[in-house]
Amino acid sequence: MDLRIFTEPQQGASYEDLRRVAVAAEQTGFSAFFRSDHYLTMGGSGLPGPTDAWTTLAALARDTTSIRLGTLVSSATFRHPGVLGIQVAQVDEMSGGRVELGLGTGWYEEEHTAYGIPFPSLKERFDRFAEQLALITGSWATPVGETFDFAGEHYRLTGSPALPKPVQSPPPIIVGGAGKKRGAALAAQYAAEFNSGFSSPADTAAAFGRVREACSLVGRDPASLAYSSALVVCCGRDEEEVARRARRIGSEGRDPDELRQNGLAGTPAEVVDAIGRYAEAGVERIYLQIWDLDDLDHLELIAAEVAPQL
């Protein structure tokens, strides 16, 4: 099982907070450091304020050496795809080929309102998302010296040099969600990885099944995708430590028993068992959502007592 660290900096984190966690994740052996791409807190003050995902990853590309870096996920409403393709390619070069692009439709209307970002209907967001996937992958695939044209309903490129090229050919693209008809089809067409976030093992397995079916419909080997899940983690050496960490999750804290039902919580042995249930559902990679960015002992505990048992 591939274990990755996933943070939610819109809840309150400076760049230095994120750098410290990313470096600790690298030093303790996690394979990747990912962050959300949001501009507004979902409870609490959010101080010192939001950080931009791709600005953060550019800096982390230079402040780390081996850990993979990415978004889970960037919103298609935030950036023009021509610009996003340049950003991702540049960060990939800065990192020596360690970047992954998680991309989605966007869903949090309040952050769009707060920062003046248009928030169209779900249908239009899906339409834009599909065009962005086609435009970015098409641009990266265009040979050097040739130009790239794209004529969509929402985006048009004429005579683009399709530069710069990323180091990876191409950087992996992650598509997530419930894997319903349209999302599953886009994952089958464009994604290197499909992510089912914060779902039960049964719902996760069902979403994976729909993506596998979509792959078969377009003649793609379903095994050519990686299948992942994102889950909150709350691990402690004893019940007191579990409860202490649970109190630091979100703006109001979480109940340890509720976390055991809906996440990865408890002692290391309990967390290993919970991960095993997701492995049986087909999960190959887990993004461990951590909340207290000052609690680096949490990462060290998981690396020392959970990861070796998987």
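Nothing here was measured: the structure is a model prediction, and the numbers come from that model.
- Each of Asp294, Ile290, Leu296 was scored for a side-chain contact (heavy atoms from CB on, under 4.5 Å) with Asp292, with one residue passing: Asp294.
- The distance between the ring centers of Trp291 and His298 does not fall below 6.0 angstrom.
- Salt-bridge formation is not detected for the pair Asp295/Arg248: no Lys NZ or Arg NE/NH1/NH2 atom is positioned less than 4.0 Å from an Asp or Glu carboxylate oxygen.
- Tested against Gln132 for a side-chain contact (heavy atoms from CB on, under 4.5 Å), the candidates Thr105, Asp127, Leu84, Thr137 yield a single pass: Leu84.
- Ring-plane geometry between Phe6 and Phe198 is classed as tilted, the angle between the planes lying from 30 to 60 degrees on a 0 to 90 degree scale.
- Checked for salt-bridge contact, Asp92 and Lys165 miss the test: no charged N lies under 4.0 Å from a carboxylate O.
- Of the charged side-chain nitrogens involved, none lies within less than 4.0 Å of a carboxylate oxygen, so that Arg260 and Asp255 do not count as a salt-bridged pair.
- In this structure, Tyr39 has its ring center at least 6.0 angstrom away from the ring center of His112.
- Comment: Arg245 engages Glu241 in a salt bridge, judged by a side-chain N to carboxylate O separation of less than 4.0 angstrom.
- Residues His154 and Glu131 have side chains that never bring a donor and an acceptor to within less than 3.5 angstrom of each other.
- Counting heavy atoms from C-beta outward, Val271 and Thr267 have side chains that stay 4.5 Å or more apart.
- Arg220 and Ser224 form a side-chain donor-acceptor contact under 3.5 Å, judged by distance and modelled atom types alone.
- The cationic atom of Arg210 (NZ for Lys, CZ for Arg) does not lie both less than 6.0 Å from the six-membered ring centre of Phe194 and within 45° of the ring axis.
- When only modelled atom types and interatomic distance are considered, Asp2 and Tyr287 share no side-chain donor-acceptor pair under 3.5 Å.
- Both tests hold for Arg128 against Tyr155: distance to the six-membered ring centre under 6.0 Å, angle to the ring axis within 45°.
- Under 3.5 Å, the side chains of Glu193 and Ser228 contain a donor-acceptor pair of N or O atoms.
- Judged purely by atom type and a 3.5 angstrom limit, Arg125 has no side-chain atom pairing as donor or acceptor with the backbone of Phe119.
- A donor and an acceptor atom, one from each side chain of Gln10 and Thr41, are nowhere located under 3.5 Å apart.
- Of the possible donor and acceptor atoms, none in the side chain of Thr64 sits under 3.5 Å from a partner among the backbone N and O of Ser66.
- Side-chain contact annotation: Ser169 with Trp140, donor-acceptor N/O pair under 3.5 Å absent.
- Screening Thr7, Leu69, Ile174, Ile5 against Phe34 for a side-chain contact (heavy atoms from CB on, under 4.5 Å) leaves a single residue, Ile174.
- In summary, Arg35 and Asp37 do not engage in a salt bridge, as defined by a charged side-chain N under 4.0 Å from a carboxylate O.
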